[in-house]
Protein chains: 2
Amino acid sequence: MKSNEIKEAALKYFTIHGYEGASLAQIAEEVGMKKQSIYAHFKGKDDLFLQVLRDAKETELSSKRQYFSKFGSKNPEKDLYGYLQLVIDLFQRNEQLKFWLRMSFFPPVHLEKVIEQEVRDIEEKMQAILESKFQDWINAKLIVGDAAITPTFAFLGVVDSILLELVYGNDEKRLQAKLAASWTVFWRGISHQ
Amino acid sequence: MKSNEIKEAALKYFTIHGYEGASLAQIAEEVGMKKQSIYAHFKGKDDLFLQVLRDAKETELSSKRQYFSKFGSKNPEKDLYGYLQLVIDLFQRNEQLKFWLRMSFFPPVHLEKVIEQEVRDIEEKMQAILESKFQDWINAKLIVGDAAITPTFAFLGVVDSILLELVYGNDEKRLQAKLAASWTVFWRGISHQ
DNA sequence: TCGATTTTTACGAACGTTCGTCAGTTATAT
DNA sequence: ATATAACTGACGAACGTTCGTAAAAATCGA
């Protein structure tokens, strides 16, 4: 399918240059066609962008859902740390996550309402799943605290800080050091008495 | 000084639309002049951008340095939490910090080498200051742990996660909740036995 | 202090390029 | 033969930039 090739190239350029900085001419050249030919597959730049966005959202959602479903109820340390490693792994191998991250925080202004809606949607789903897991672990007395919201937000914060390091990311050593530090302190913070 | 007005407008548009999305025509209109007149003050778009970047860097550096200098050696809880609130305050009132953050993570490609250098410079300075403070607190047995690097990186992670929430930021409630959660867990993680 | 001179700032006009998009035509494949 | 896909050509608009020019401001010698 040629449409997918176009979306792949678009994903790449949108990720590197942003919406405004990516041109249809470059995207088309990457696929080996003229920019006008893109219009045989998409209504225009916005349409292409939104389809790429929705694909990225779906990938993000399903891959994380899949991992969350493997969470048990008796080993939060392993599950949570494994999730952080998954995020790193996904980010480094999956172009879609980088795209998703960039557009979450710096969307093209004229599409920001639509994007914000998608971002909020996926975020709420993730938070809900995580929160219920944390509640299970609290009930099982595997971690301390009364409200599940605290470790949930704190963990989401750790994920965010790792993602930021990945975006900035040219220093694998530093990434691993930050991961280790954040994880150590986080785990002490929710597990110790 | 008209140059400063131009830089102010440029800061605004670069922050909202990114380098590629910001046009000299819009920036000029904001100041009440034509785009050609900008060339009486700056060599071109890149020159304007880099001057704005360096101003932002200086503001960021001096404002944080100023706060760090007030850090004592006997109350890390107050100092660190106060710093987080300062970051939030600065971000919400100071356009330059938003600009700095956006360009740190998603710089225009053709200037990414220059920007990366500036970012790395400021980051190393911050890290060095923080690390020495943490070492003092460890020595004074006010926080636990052996190496200062662990709480330093963990704290920088908390700062990053707060910044990310600020960027995304339309939800003050959620911001405060995330701050509270991250701080609670972080402080438990470095202070409790 | 004054007029003369130089420098600074802003402007209209235009440059060459690139942008996204649309219309019409040709080639390919079902 | 009919639909799909890619092409050529062209469109208006916007981009950053350069030119020459005209005020305005600053500098300077008398």
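Side chains included, hydrogens not; waters and symmetry mates left out as well; all remaining heavy atoms used. These numbers come from a predicted model, not from an experiment. Every chain is numbered from 1 and lettered A, B, ... according to where its sequence line falls, protein lines coming before strand lines.
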Basic-acidic side-chain contact under 4.0 Å: B:Glu8, B:Lys2:
no

Might you list the N or O atoms of the protein lying below 3.5 Å from N or O atoms in nucleotides 21-25 of chain C, with each pair's distance?
| residue | atom | partner | partner atom | Å |
| --- | --- | --- | --- | --- |
| C:dT21 | OP2 | A:Tyr39 | OH | 2.5 |
| C:dT21 | OP2 | A:Lys45 | N | 2.8 |
| C:dT21 | O5' | A:Tyr39 | OH | 2.9 |

Heavy atoms of other groups near [X] [atom1], more than 12 under 6.0 Å:
X: B:Glu29; atom1: CD; value: no
X: B:Asp89; atom1: CG; value: yes
X: A:Lys34; atom1: NZ; value: no

Side-chain polar contacts of residues 69-82 of chain B - donor-acceptor pairs under 3.5 angstrom, sequence neighbours left out - could you list them?
| residue | atom | partner | partner atom | Å |
| --- | --- | --- | --- | --- |
| B:Ser69 | OG | B:Gln66 | O | 2.6 |
| B:Asn75 | OD1 | B:Lys78 | N | 3.4 |
| B:Asp79 | OD2 | B:Gly72 | N | 2.9 |

So which protein N/O to nucleotides 23-27 of chain D N/O distances come out below 3.5 Å?
none

Do A:Met33 and A:Glu5 have side chains that get closer than 4.5 Å, going by heavy atoms?
no

Rounding to a whole Å, what distance do you find between [X]:[atom1] and [N]:[atom2]?
X: B:Lys2; N: C:dT7; atom1: NZ; atom2: P; value: 23 Å
X: B:His110; N: D:dC15; atom1: NE2; atom2: P; value: 16 Å
X: A:Ile27; N: C:dC19; atom1: CD1; atom2: P; value: 10 Å
X: B:Met33; N: C:dT9; atom1: CE; atom2: P; value: 9 Å
X: B:Asp47; N: D:dG16; atom1: CG; atom2: P; value: 14 Å
X: A:Lys34; N: D:dA10; atom1: NZ; atom2: P; value: 15 Å
X: B:Phe42; N: D:dT17; atom1: CZ; atom2: C1'; value: 16 Å
X: A:Glu29; N: D:dC7; atom1: CD; atom2: P; value: 12 Å

Take A:Tyr83 and A:Phe68 through the test ring-ring contact (aromatic ring centres under 6.0 Å, His included) and record every step on the way to the result.
CA-CA 8 Å; A:Tyr83 177 75; A:Phe68 279 140; 5.0 Å; yes

For D:dA6, does either OP1 or OP2 sit under 4.0 Å from a side-chain N or O belonging to A:His41?
yes

B:Ser37 side chain near C:dC11 phosphate (N/O to OP1/OP2, under 4.0 Å)
yes

Check against side chain to side chain contact (heavy atoms under 4.5 Å, CB included), B:Tyr19 and B:Asp46
CA-CA 9 Å; B:Tyr19 178 89; B:Asp46 283 3; 2.3 Å; yes

Residues within residues 11-23 of chain A bordering DNA chain C, heavy-atom distance below 4.0 Å:
A:Ala22, A:Ser23

List the steps, then state whether side chain to side chain contact (heavy atoms under 4.5 Å, CB included) holds for B:Leu175 with B:Gln92.
CA-CA 12 Å; B:Leu175 169 67; B:Gln92 286 175 338; 3.9 Å; yes

Steps toward side chain to side chain contact (heavy atoms under 4.5 Å, CB included) verdict (A:Leu97, A:Leu163):
CA-CA 10 Å; A:Leu97 223 161; A:Leu163 280 175; 4.3 Å; yes

Which side-chain N or O atoms in residues 100-108 of chain A pair as donor and acceptor under 3.5 Å with protein atoms at least two apart or in another chain?
| residue | atom | partner | partner atom | Å |
| --- | --- | --- | --- | --- |
| A:Arg102 | NH1 | A:Thr15 | O | 3.1 |
| A:Arg102 | NH1 | A:Ile16 | O | 3.0 |
| A:Ser104 | OG | A:Trp100 | O | 2.6 |

Side chain to side chain donor-acceptor pair (under 3.5 Å) test vs B:Arg120 passes for just one of B:Glu116, B:Gln117, B:Glu118, B:Glu123, namely B:Glu116

So, the side chain of B:Asn139 versus the backbone of B:Gln135: is there a donor-acceptor pair under 3.5 Å, distance only?
yes

Looking just at side-chain N and O atoms, do A:Gln96 and A:Thr59 make a donor-acceptor pair shorter than 3.5 Å?
yes

For DNA chain C, produce a single dot-bracket line, 5' to 3'. Pairs: Watson-Crick or G-U wobble, both distances under 3.5 Å. Symbols: ( ) within strand, [ ] crossing, | other strand, . unpaired.
|||||||||||||||||||.|||||||||.

